[in-house]
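Heavy-atom basis, side chains included; hydrogens, waters and symmetry copies ignored.
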Amino acid sequence: TFDYRRSRLDDAADRVIIEVSGDGGGSWNTLADFRGPDNDTDYLTASYDISSFIGPNTRIRFISNSYLGKQDDVFFDNVQITCTP
């Protein structure tokens, strides 16, 4: 679960991708793809079930592509990973 806000994403090529890996980064699966053109006036909440990837080598990454410019922003806050045994 996390909150996010997109600001000044003016092109469809502007994007930030969130990925999860269950094998320490050997392979990655896309959870979310935040792309333009878009702007959010307030933070929005997103939640994903990653239980099929949970293990001792679980990794999560937030990555952008080379088209994301200096004025293009995606903000993330309140990132939480909750595990129920």
Side-chain angles (χ1 to χ4, degrees):
T1 303
F2 56 86
D3 299 328
Y4 70 94
R5 185 172 66 85
R6 296 164 291 187
S7 177
R8 298 180 302 252
L9 298 184
D10 55 354
D11 188 289
D14 296 337
R15 64 195 293 196
V16 174
I17 301 168
I18 301 174
E19 296 179 323
V20 62
S21 173
D23 61 6
S27 62
W28 293 94
N29 296 276
T30 300
L31 290 178
D33 187 352
F34 297 96
R35 63 174 60 214
D38 218 337
N39 288 290
D40 302 309
T41 55
D42 295 313
Y43 275 87
L44 303 171
T45 300
S47 182
Y48 299 93
D49 180 359
I50 61 169
S51 58
S52 61
F53 301 99
I54 294 299
N57 294 311
T58 301
R59 304 286 187 268
I60 297 174
R61 68 181 178 183
F62 295 71
I63 58 173
S64 64
N65 63 11
S66 61
Y67 296 105
L68 201 64
K70 288 183 180 181
Q71 298 301 316
D72 304 320
D73 294 309
V74 181
F75 301 97
F76 296 97
D77 198 7
N78 302 316
V79 177
Q80 293 184 331
I81 299 172
T82 304
C83 181
T84 304

How many angstroms lie between CD1 in I18 and CG in N29, if you round to the nearest 0.5 Å? 13.5 Å

CZ of F75 to CZ of R5: how many Å apart, nearest 0.5 Å? 5.0 Å

Minimal non-hydrogen separation, V16 against V74, with atom names: CG2-CG2, 3.7 Å

List for me each residue that meets side chain to side chain donor-acceptor pair (under 3.5 Å) alongside D73, sequence neighbours excluded, and say none if there are none. R8

Under the rule for ring pair (Phe, Tyr, Trp, His ring centres under 6.0 Å), what residues qualify as partners of F34, not counting sequence neighbours? Y4, F76

Got a sec, which residues hit side chain to side chain contact (heavy atoms under 4.5 Å, CB included) with T45, two or more places apart in sequence or on another chain? T1, D3

Value for OH (Y48) from CG (L31), rounded to nearest 0.5 Å, stands at 7.0 Å

Which pairs, with at least one residue in residues 39-59 and sequence neighbours excluded, count as a salt bridge (Lys or Arg N to Asp or Glu O under 4.0 Å)? R6-D40

Honestly curious: do F2 and I54 fall in one hydrophobic cluster under the side-chain, below-4.5 Å linking rule? yes

Would you compute the distance between atom CD1 of I81 and atom CD1 of I60 and round it to the nearest 0.5 angstrom? 3.5 Å

Listed once per pair and sorted, the salt bridge (Lys or Arg N to Asp or Glu O under 4.0 Å) pairs that draw on residues 13-22, sequence neighbours left out: R15-D33, E19-R61

Is there a side chain to side chain contact (heavy atoms under 4.5 Å, CB included) between D77 and Y43? Walk through the geometry before answering. CA-CA 9 Å; D77 198 7; Y43 275 87; 4.2 Å; yes

Heavy-atom nearest pair, S21 first then G26, reads OG-N, 3.9 Å

Is there a side-chain contact between N57 and D23, using heavy atoms and a 4.5 Å cut-off? no

Let me check something: do V79 and L44 share a hydrophobic cluster, defined by ILVMFWY side-chain heavy atoms less than 4.5 Å apart, either directly or through other members? yes

Side-chain heavy atoms under 4.5 angstrom apart, residues restricted to Ile, Leu, Val, Met, Phe, Trp, Tyr: same cluster for V20 and I17? no

With a 3.5 Å distance limit and no angle check, can you tell me whether D11 reaches the backbone of P37 through a side-chain donor-acceptor pair? no

Please go through W28's hydrophobic cluster and name the other residues, only I, L, V, M, F, W, Y counting, with side-chain heavy atoms under 4.5 Å joining them. none

